[in-house]
Amino acid sequence: MAGPSFQALPGFRDFIPRECAVRNYLFETWRSVARRCGYVEYETPILEDTALYLKKSGGELSAQLFRFEDQGGCDVTLRPEVTASLARLVAQHQRDFPKPLKWFEIGQCFRYEKPQKGRGREFHQFNVDIIGEAGPAADAELIALAIETMLAFGFVAGDFVVRASDRNAWITFAAARGVADDAMADFLNIVDKIEREKPEVLEQKLAVFGITTAQVRAFIADPANASPAYLAIRDDLTARGLGGFIELDLSIVRGLAYYTGVVFEVFDSKKSMRAVAGGGRYDTLVATISDGAVDLPATGFAMGDYVIRNLIEETTHAAMQMEVWLQRNNANCDVYVVIADETKRAQSLKLVTELRRAGISADFPLNPAKVSKHFQSAEKSGARFALVVGAEFPELKLKILASRTEETGNAETAVDWLADRLQQPDGPLLA
RNA sequence: GUGGUCGUAGUUCAAUGGUAGAGCCCCAGAUUGUGAUUCUGGUUGUUGCGGGUUCGAGUCCCGUCGAUCACCCCA
């Protein structure tokens, strides 16, 4: 590595073809499940006015912004998440759409934090939201999508679980013990850290509110404290046959300040990783972002690409499903044209163009080389067929690479011939 | 931001303080139109960078940068 060399910035990734294929697998799965469940895709800019994020998130997230001044002197930020943009978009365009809105976006986000397992400074996230419906049916519909997404990746019962809670249960708990409304956020923050904070510190912090750790733990432990919304969601999911995937876990509060009600996280069953996905209800965010101009209830969640990929790779059956997909989508082309006789290169080029225009993916060697070389290239391309153009043109030979068998045909009808041939299975098939 | 571990060829890794190597990959070839295997040949390093100890440092020490893991937080 002599001399100056460049590499990707810390926490940023290059997607070589294999990585890109994996990413596409995630994206295609996300997209297909969302569409199957009636969600439509939208997209927002990755660069936004910094104030958009300072306005609602604050705290830790605002310390992790990729923030700078543009050439016009504007304070701008690479988005750390898409919910704020969505709220902005919805506030502006909501009148154009019947409610509820069921929308999703697959987009790249940026956070300046220390890269580690499951976390980079750049990541892709599947963001799904239902806006304009305040009832638990919306939360259930959303959580059902999260579950369906996991199933689509090949996970089964026992691989993952959705843990859900309700901030309202805590607000009721705290209010009954005299916690003031304006201190509620602080109280929720303490509860959020109950498993991570040192016991003495925890006890001390709770004492400010006249509450003990024991009381909090007892509240978490008692299923009777489940909120009506949670129960409605559980029944809804049970009716869908998905009841086994959801669990009450009142210790989940989630850090982001804008959550207002039911919150949930998707975990691997062993809980050996970070949350695969997380979300919840944020009924006041749209009003906050629009300064009260538009007030719509909302619920949503996000799934990041890092953790889901790790979990897929560590779960044998999900990993195999991905491998099969990658194999199927691995070929550079369907047909590799071998130019066995260089004097037929012009005819070969015409043939390649015809195939391509007919929707048949075709490739060929750019330079003269020995025929064996061409076949090696055909092999490496992953193509199913090698179409040999030789001295006997317009007669053509079609070699089925997997079975090493050969057929003959004519250049005049090559397009139809190959289109038909591609429909038929042959040789040792991929699953 | 706070800690632990680790930096050798494109890559995966060797080298009791004593001449920097191997597999894989890639490229070219093995007598004129067919892929595997095999065989032959070839490219690539100021051992991350900078100091120090030593007759001598890839190896030991310090610094720095980078990678990675954990904490914090979160997708």
Side-chain angles (χ1 to χ4, degrees), chain A residues 1-13 16 18 26 30 57-65 79-83 105-128 146 149 189 192-193 196-198 252-257 259 263-267 273-280 300-311 336 338-344 368-383 385-393 395-406:
Chain A
M1 248 171 276
S5 63
F6 294 104
Q7 57 179 317
L9 259 25
F12 284 77
R13 300 169 288 182
I16 56 177
R18 152 100 196 173
L26 299 181
W30 283 340
S57 308
E60 196 68 30
L61 198 59
S62 58
Q64 296 183 338
L65 300 179
R79 64 180 178 198
E81 50 139 358
V82 313
T83 309
E105 169 166 9
I106 296 169
Q108 198 172 23
C109 298
F110 306 84
R111 292 183 195 176
Y112 194 89
E113 63 180 327
K114 196 123 177 173
Q116 55 193 288
K117 189 173 186 187
R119 289 291 180 267
R121 286 180 174 176
E122 151 276 322
F123 57 96
H124 291 274
Q125 140 180 126
F126 176 42
N127 223 265
V128 190
T149 302
N189 254 326
D192 185 42
K193 291 184 170 58
R196 301 189 292 266
E197 194 75 88
K198 289 177 186 165
I252 289 176
V253 178
R254 296 186 61 74
L256 289 178
Y259 287 117
V263 288
F264 68 93
E265 296 179 337
V266 180
F267 279 100
M273 298 180 185
R274 299 158 186 279
V276 178
F301 83 95
M303 180 179 289
D305 65 335
Y306 272 87
V307 179
I308 190 68
R309 179 174 177 182
N310 288 345
L311 188 57
Y336 194 93
V338 169
I339 304 176
D341 182 343
E342 269 306 316
T343 66
K344 299 292 184 286
K370 294 189 174 179
V371 176
S372 64
K373 206 73 183 169
H374 287 195
F375 272 92
Q376 280 176 19
S377 298
E379 183 76 16
K380 284 176 187 169
S381 76
F385 301 115
L387 186 59
V388 185
V389 181
E392 59 283 350
F393 186 89
E395 185 183 307
L396 301 174
K397 283 180 185 159
L398 183 69
K399 187 136 187 178
I400 295 94
L401 290 168
S403 62
R404 302 188 168 225
T405 54
E406 215 171 58

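Residue numbers begin at 1 in each chain, while the letters A, B, ... track the order of the sequences.
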Looking at A:Glu342 and A:Lys370, is any side-chain nitrogen of the basic one under 4.0 Å from a carboxylate oxygen of the acidic one? no
All N/O contacts under 3.5 Å from nucleotides 68-71 of chain B to the protein, with atom names and distances to one decimal?
{"unit_1": "B:rC69", "atom_1": "OP2", "unit_2": "A:Lys117", "atom_2": "N", "d": "3.0"}
{"unit_1": "B:rC71", "atom_1": "N4", "unit_2": "A:Gln116", "atom_2": "NE2", "d": "3.4"}

Nearest-angstrom distance, C1' atom, B:rU44 to B:rU31: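 Comparing C1' positions in B:rU44 and B:rU31 gives a spacing of 32 Å.
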What class does the angle between the rings of A:Phe264 and A:Phe301 fall in, given that below 30° is parallel, 30 to 60° is tilted and above 60° is perpendicular?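 If you compare the ring of A:Phe264 with that of A:Phe301, the planes turn out tilted.
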Picking from B:rG29, B:rG33, B:rA75, which would you name as closest to the side chain of A:Glu392?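 Closest nucleotide to the A:Glu392 side chain: B:rG33.
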Looking only at the side chain of A:Ala391 (C-beta and beyond, no hydrogens), which of the listed nucleotides B:rG33, B:rC74, B:rA67 gets closest?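 The answer is B:rG33.
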Pairing stems for RNA chain B [at least three consecutive pairs; Watson-Crick or G-U; under 3.5 angstrom]: B:1-7 with B:65-71, B:10-13 with B:21-24, B:26-30 with B:38-42, B:48-52 with B:60-64
Taking donor-acceptor contacts at under 3.5 Å, does the side chain of A:Glu265 reach the base of B:rA75?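 Counting by modelled atom types and ignoring angles, no donor-acceptor contact under 3.5 Å is found here.
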Roughly how many Å is it from [atom1] in [X] to [atom2] in [N], rounded to a whole number?
{"X": "A:Phe110", "N": "B:rC74", "atom1": "CZ", "atom2": "C1'", "answer": "17 Å"}
{"X": "A:Tyr259", "N": "B:rC73", "atom1": "OH", "atom2": "C1'", "answer": "13 Å"}
{"X": "A:Leu26", "N": "B:rA75", "atom1": "CG", "atom2": "P", "answer": "18 Å"}

For a 4.5 angstrom cut-off between non-hydrogen side-chain atoms, does A:Gln108 reach A:Phe123? no
Should A:Thr405 and A:Lys399 count as side-chain neighbours, where that means a heavy-atom distance under 4.5 Å? no
One pair to check against salt bridge (charged side-chain N to carboxylate O under 4.0 Å, His left out): A:Lys373 and A:Glu379. What are the steps and the verdict? CA-CA 10 Å; A:Lys373 206 73 183 169; A:Glu379 183 76 16; over 6 Å; no
Check every strand shown and say whether A:Arg254 touches a base, only sugar-phosphate, or nothing at a heavy-atom separation below 4.0 Å. sugar-phosphate
Give A:Pro80 one of three labels, base, sugar-phosphate or nothing, depending on what nucleic acid heavy atoms sit under 4.0 Å from its own. nothing
Any A:Lys373 side-chain nitrogen or oxygen under 4.0 Å from OP1 or OP2 of B:rA28: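 Answer is yes, contact under 4.0 Å.
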Just wondering, more than 12 heavy atoms not from A:Tyr112 lying within 6.0 Å of its OH? no
Does A:His124 use its side chain to pair, donor to acceptor, with the backbone of A:Asp305 at less than 3.5 Å?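 Not a single qualifying donor-acceptor pair exists.
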Measure across A:Gly390 and A:Ala340 and return the closest heavy-atom pair with its distance rounded to 0.1 Å. CA-CB, 4.2 Å
Testing the basics here: between A:Val307 and A:Gly118, what is the closest heavy-atom pair and its distance to 0.1 Å? CG2-O, 3.9 Å
Once base and sugar-phosphate atoms are separated, protein heavy atoms under 4.0 Å mark nucleotides 34-39 of chain B, 5' to 3', with B, S and - as BBS---
A:Ala277 vs A:Leu9, nearer the 5' end of RNA chain B by closest nucleotide: A:Leu9
I need the A:Tyr336 OH to A:His374 NE2 distance, nearest 0.5 Å. 6.5 Å
Taking atom CD of A:Glu105 and atom CH2 of A:Trp30, what is their separation to the nearest 0.5 Å?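 Here the interatomic distance stands at 12.0 Å.
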Can you see whether A:Tyr306 has A:Arg13 sitting over its ring - NZ or CZ less than 6.0 Å from the centre and within 45° of the normal?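 Because its charged atom sits under 6.0 Å from the ring centre and within 45° of the axis, A:Arg13 does stack over A:Tyr306.
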Is A:Phe123 stacked on the base of B:rA75, with ring centres under 5.5 Å apart and planes under 30° apart?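 The base of B:rA75 is stacked with A:Phe123 (centres under 5.5 Å, planes under 30°).
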